[in-house]
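Data first, discussion second: the structure below is written as structure tokens.
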Amino acid sequence: MKVLTLRKHEKPINSIKINYDGDLVFSASSDTTVQLWRTLNGERLGSFKCNAAIKCIEVTKDSKYLISGTLIGDLEIFQVEGGNKVATISIKKGRVKNLELNLSNDKIMIVRPL
């Protein structure tokens, strides 16, 4: 087992996610960024800028899309390749505490405080 030390965030990391193939790792932080790393050698491949501090992240099984859940209640969807933001979905009534995709990547389950 190899240990990776990720040093790029300016604030605490709130969530990490390894993609289905195991070759990429995503780290999300209160600094409003998600950093993308190669698991083989820890090389940073890029970053994604969100509207607010990020509480949780998910990546589609095919690694095409990254979804972030923020503390202001937004789901932000990015293309992993190229880093383009393709959508922002505002969740009324507060922040996103956690999110999960189903196996076919066609439904997003979110958890938010009452």
Side-chain angles (χ1 to χ4, degrees):
M1 182 179 295
K2 183 177 182 175
V3 175
L4 292 176
T5 302
L6 308 175
R7 292 197 174 124
K8 185 64 180 174
H9 291 289
E10 296 175 8
K11 293 187 177 178
I13 293 174
N14 296 325
S15 182
I16 59 170
K17 184 66 79 171
I18 297 173
N19 71 335
Y20 183 78
D21 294 332
D23 60 336
L24 302 173
V25 64
F26 300 81
S27 59
S29 170
S30 294
D31 68 7
T32 72
T33 66
V34 177
Q35 303 292 333
L36 172 59
W37 313 84
R38 188 178 315 280
T39 55
L40 180 65
N41 57 9
E43 172 189 7
R44 192 174 74 88
L45 301 173
S47 66
F48 307 87
K49 180 73 172 151
C50 294
N51 294 331
I54 305 155
K55 180 67 177 170
C56 52
I57 53 175
E58 184 66 275
V59 63
T60 57
K61 194 171 183 177
D62 60 8
S63 299
K64 285 187 179 182
Y65 297 99
L66 165 72
I67 304 165
S68 67
T70 70
L71 291 178
I72 63 169
D74 287 345
L75 293 178
E76 297 183 71
I77 304 170
F78 297 87
Q79 291 176 322
V80 171
E81 188 173 323
N84 297 322
K85 188 184 294 188
V86 296
T88 300
I89 303 167
S90 292
I91 307 300
K92 297 185 192 263
K93 298 184 181 179
R95 63 191 168 109
V96 178
K97 186 175 179 180
N98 200 1
L99 66 97
E100 188 84 24
L101 284 169
N102 67 343
L103 291 176
S104 58
N105 293 320
D106 62 354
K107 292 181 178 71
I108 301 172
M109 171 72 75
I110 63 165
V111 177
R112 59 183 173 86
L114 293 177

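- Under a hydrophobic-cluster definition in which Ile, Leu, Val, Met, Phe, Trp and Tyr are linked whenever side-chain heavy atoms come within less than 4.5 Å, directly or via other members, I13 and V59 are assigned to different clusters.
- Atoms CG and CD, on L45 and E81 in that order, are 11.5 Å from each other to the nearest 0.5 Å.
- Between the side chain of Q35 and the backbone N or O of H9, no donor-acceptor pair lies under 3.5 Å.
- Both Y65 and I91 are members of a single hydrophobic cluster when ILVMFWY side chains are connected at heavy-atom separations under 4.5 Å.
- In terms of heavy-atom proximity, F78 sits nearest to S68 at CE1-OG, 4.2 Å.
- For T39 (side chain) and G22 (main-chain N/O), a donor-acceptor pair under 3.5 Å exists by modelled atom type.
- Of the candidates D23, N19, D21, N19 is the only one forming a side chain to side chain donor-acceptor pair (under 3.5 Å) with S63.
- Atom-to-atom distance recorded for K17:NZ and E58:CD is 4.0 Å, nearest 0.5 angstrom.
- A donor-acceptor contact shorter than 3.5 Å is absent between the side chain of S30 and the backbone of K11.
- Counting non-hydrogen atoms of other residues, nucleotides and ligands closer than 6.0 Å to CD1 of I110 gives a total above 12.
- At a threshold of 4.5 Å between non-hydrogen side-chain atoms, the residues C50 and D74 do not count as touching.
- No path of Ile, Leu, Val, Met, Phe, Trp and Tyr side chains, each step under 4.5 Å between heavy atoms, connects I77 with M109, placing them in separate hydrophobic clusters.
- Heavy atoms from other residues, nucleotides or ligands lying under 6.0 Å from CD of Q79 number more than 12.
- No side-chain heavy atom of I89 sits less than 4.5 Å from a side-chain heavy atom of I108.
- The closest side-chain heavy-atom distance from V80 to F26 is below 4.5 Å.
- Within 6.0 Å of atom CD1 in I18, 12 or fewer heavy atoms from other residues, nucleotides or ligands are found, so the atom counts as exposed in its surroundings.
- Of the possible polar contacts, none joining the N98 side chain to the V111 backbone as a donor-acceptor pair under 3.5 Å is found.
- L75 and G69 make their closest contact through CD2-CA, 4.1 Å (heavy atoms, listed as atom of the first residue, atom of the second, distance).
- Among T33, T32, D31, the single residue meeting the side chain to side chain donor-acceptor pair (under 3.5 Å) criterion with K49 is T32.
- Within the 3.5 Å criterion, the main-chain N or O of I54 finds a donor-acceptor partner in the side chain of N14.
- Using a 4.5 Å cut-off on side-chain heavy atoms (C-beta onward), L99 and I67 make contact.
- Counting heavy atoms from C-beta on, the side chains of K55 and L71 come closer than 4.5 Å.
- In this structure, the side chains of F48 and E76 stay at 4.5 Å or more apart for every pair of heavy atoms.
- In this structure, CZ on R95 lies 11.5 Å from CZ on R112, to the nearest 0.5 angstrom.
- For the pair W37 and S27, the tightest heavy-atom approach, listed with the atom from each and the gap, is NE1-OG, 3.0 Å.
- In terms of heavy-atom proximity, P12 sits nearest to S29 at O-OG, 2.9 Å.
- Within 6.0 Å of the CD atom in E10, the count of heavy atoms belonging to other residues, nucleotides or ligands does not exceed 12.
- A continuous path of Ile, Leu, Val, Met, Phe, Trp and Tyr side chains, each step under 4.5 Å between heavy atoms, connects I57 with L24, placing both in one hydrophobic cluster.
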